[in-house]
**Student:** 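Handing you a structure now.
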Amino acid sequence: MYEEVARIALGAGTEAVLSRIQPLASEFAQPLEELYHRWGEDPAVAWRWSFDMHLRLVGLRFSQDVWYLAQVQGRPVSAMLLCRSKFCPQLGSIHRVYTAEPYRRRGLASKLLKLAINDFEASGGQALIISTEHNDSAMSFYEQYHFVTINESESSRTGNRIAWRISDGDSPENFLKHLFAPSTAVFMRSSDRADVPLLLSLFNAPDNRIVRHYGLQMLGDANIGADDFFPAFEQQEGDVAVLTGLTAASGAIVGWGSIMPPVYPWPNPYYQQHQLLVDCYLAAGHIEQAPILLNEMLRQLPANHFANQLLGHVPLDHPALPAAYEQAGFERVGFIPKAYIDPRNNQGTDIALYLRER
């Protein structure tokens with residue numbers, strides 16, 4: 001559905017047309033790719049945006065997505081994406097906020113963001129999350145719309161910030177407390193890109209039980225942004241990854257697991273061909289459900305998969321994961337002291353290596 005919302009005069013006889021699109025229509029895919037390619041100078045990043053655009057065109061599971069565009073002479077010059085989980089519709093996330101250089105400082109992004117917020121809250125939305133680069137101008141823009149930073153990392157490889165906007169004026173901490181409240185009413189399901197708002201809230205909650213430095217194999221990153229999920233989702237689409245969510249009655253993902261090939265910063269064909277990494281993450285109120293999550297992940301892994309070893313990196317101070325891996329047939333084969341240092345508090349995490357032969 002394409003809907004024109006407003007027209008804005010830009011001067012010199014030029015005007016911008018503001019519109020919303022839900023879900024993404026095929027005729028807008030190529031123009032949006034061209035817009036975002038100006039942003040992403042790295043070919044690998046540009047390819048990921050193209051890949052993501054393709055998946056959103058072919059997957060009905062992304063029908064909750066709403067794109068907001070400002071177009072000049074039929075071409076997008078400013079855009080952003082509002083993602084919303086079908087399992088937890090009160091939670092959403094803003095992505096792909098970008099304006100082409102010649103059209104900046106004309107209020108286009110402001111008008112699109114205000115439109116997205118109004119649409120989201122008018123339909124019952126309660127909390128919006130955004131991951132942005134660590135720079136003052138970006139955050140001052142979002143602070144105008146009452147986004148509050150809860151996680152910040154200056155020393156990570158991306159240097160990003162995680163900010164929340166709560167519609168009723170409540171604090172992000174209180175919202176997260178209710179979202180991840182302990183619950184016995186949970187169910188297992190496969191996870192995909194439509195879960196990005198839920199995964200952002202899980203991995204960036206103020207919870208020291210989550211080892212963010214090894215989360216999704218993001219080596220050395222303190223906060224996890226939306227694009228950090230791409231390696232897992234790309235391999236999932238290629239049928240070489242198992243992604244499983246433990247979902248509570250609130251609709252929130254309170255536990256998440258991945259089984260996928262290693263993504264190391266150096267080429268290592270042997271490990272990529274013969275090993276799979278098995279990672280589990282749980283919110284504080286659900287750590288006792290680690291065996292349920294781990295066993296379901298292993299059950300989903302095809303018996304004829306090529307890998308002959310499963311490898312887990314497990315924080316030794318976790319009260320549930322070491323025992324869960326051992327119960328699932330993993331054997332502790334190594335130890336890495338202070339493997340990952342959190343730049344926010346300079347504290348390290350001791351990691352045990354668990355191996356299971358297939």
Side-chain angles (χ1 to χ4, degrees), residues 1-60 62-84 92-123 125 128 130-133 135 137-145 147 165 193-194 196 225-227 230:
M1 178 188 70
Y2 172 84
E3 181 181 359
E4 181 179 317
V5 178
R7 290 176 177 258
I8 302 173
L10 300 179
T14 305
E15 66 176 6
V17 178
L18 306 187
S19 59
R20 66 170 68 88
I21 307 171
Q22 182 185 21
L24 180 64
S26 58
E27 62 265 29
F28 292 100
Q30 184 65 32
L32 280 171
E33 284 188 33
E34 293 173 1
L35 173 67
Y36 288 125
H37 279 194
R38 303 175 202 170
W39 183 9
E41 297 179 359
D42 183 345
V45 174
W47 179 85
R48 286 181 175 178
W49 286 334
S50 299
F51 187 75
D52 187 48
M53 205 76 68
H54 168 72
L55 290 177
R56 292 183 187 281
L57 281 173
V58 301
L60 291 178
F62 305 119
S63 60
Q64 300 278 98
D65 288 358
V66 185
W67 288 86
Y68 295 89
L69 307 183
Q71 300 174 82
V72 174
Q73 298 179 346
R75 307 295 293 181
V77 298
S78 184
M80 67 181 60
L81 169 64
L82 169 63
C83 293
R84 195 169 189 169
S93 54
I94 298 288
H95 309 279
R96 303 288 190 267
V97 181
Y98 180 71
T99 301
E101 184 71 36
Y103 296 94
R104 293 176 184 173
R105 297 177 179 84
R106 301 194 189 191
L108 295 179
S110 295
K111 292 184 183 299
L112 292 179
L113 181 59
K114 186 175 181 179
L115 177 61
I117 290 172
N118 290 342
D119 285 352
F120 178 70
E121 295 183 352
S123 58
L128 279 171
I130 188 164
S131 171
T132 183
E133 293 181 357
N135 66 73
S137 60
M139 275 314 302
S140 63
F141 170 68
Y142 294 113
E143 286 169 355
Q144 297 176 38
Y145 296 92
F147 281 86
R165 185 185 193 278
R193 291 173 187 239
V196 164
D227 288 344
F230 270 114

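FYI, side chains are in, hydrogens and waters are out, and symmetry mates aren't considered; it's all heavy atoms of this structure.
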**Student:** Would you call Leu35 and Pro76 a side-chain contact if the rule is heavy atoms closer than 4.5 Å?
**Tutor:** yes
**Student:** Arg106 and Ser78: side-chain donor and acceptor closer than 3.5 Å?
**Tutor:** no
**Student:** Can you tell me if Glu3 has over 12 outside heavy atoms packed within less than 6.0 Å of its CD?
**Tutor:** yes
**Student:** Between Arg104 and Tyr98, is the side chain to side chain contact (heavy atoms under 4.5 Å, CB included) condition met? List the steps.
**Tutor:** CA-CA 9 Å; Arg104 293 176 184 173; Tyr98 180 71; 3.3 Å; yes
**Student:** Just so I know, are the side chains of Asp65 and Leu24 near enough to count as touching, which here means a heavy-atom distance under 4.5 Å?
**Tutor:** no
**Student:** So, taking the atom named CD1 in Ile117 and the one named CZ in Arg165, what distance separates them when rounded to the nearest 0.5 Å?
**Tutor:** 4.5 Å
**Student:** Contact between Leu113 and Tyr142 at the side-chain level, heavy atoms closer than 4.5 Å - yes or no?
**Tutor:** yes
**Student:** Can you find a pair of side-chain heavy atoms, one from Leu112 and one from Thr99, that are under 4.5 Å apart?
**Tutor:** no
**Student:** When rounded to the nearest 0.5 angstrom, what is the spacing between OH in Tyr145 and CD1 in Ile130?
**Tutor:** 12.0 Å
**Student:** With rounding to the nearest 0.5 Å, note down the distance linking CG in Asp119 to CZ in Arg84.
**Tutor:** 9.5 Å
**Student:** If you measure from CD1 on Ile21 to CG on Leu32, what distance do you get to the nearest 0.5 Å?
**Tutor:** 6.5 Å
**Student:** Is Leu115 close to Val5 at the side-chain level, that is, under 4.5 Å between some pair of heavy atoms?
**Tutor:** yes
**Student:** Between His95 and Cys83, what is the shortest heavy-atom contact and its length?
**Tutor:** CD2-SG, 3.5 Å
**Student:** Contact between Glu33 and Gln30 at the side-chain level, heavy atoms closer than 4.5 Å - yes or no?
**Tutor:** yes
**Student:** To the nearest 0.5 Å, what is the distance between CZ (Arg105) and OG (Ser110)?
**Tutor:** 11.5 Å
**Student:** So, do Phe147 and Leu128 sit near enough that their side-chain heavy atoms are less than 4.5 Å apart?
**Tutor:** yes
**Student:** Hey, can you tell me if Phe28 and Tyr2 have their rings parallel, tilted or perpendicular (30° and 60° cut-offs)?
**Tutor:** parallel
**Student:** I want to check something: taking the side chain as every heavy atom from C-beta on, are Ile94 and Leu82 in contact at a cut-off of under 4.5 Å?
**Tutor:** yes
**Student:** With rounding to the nearest 0.5 angstrom, report the CD to CD distance, Glu15 to Gln73.
**Tutor:** 10.0 Å
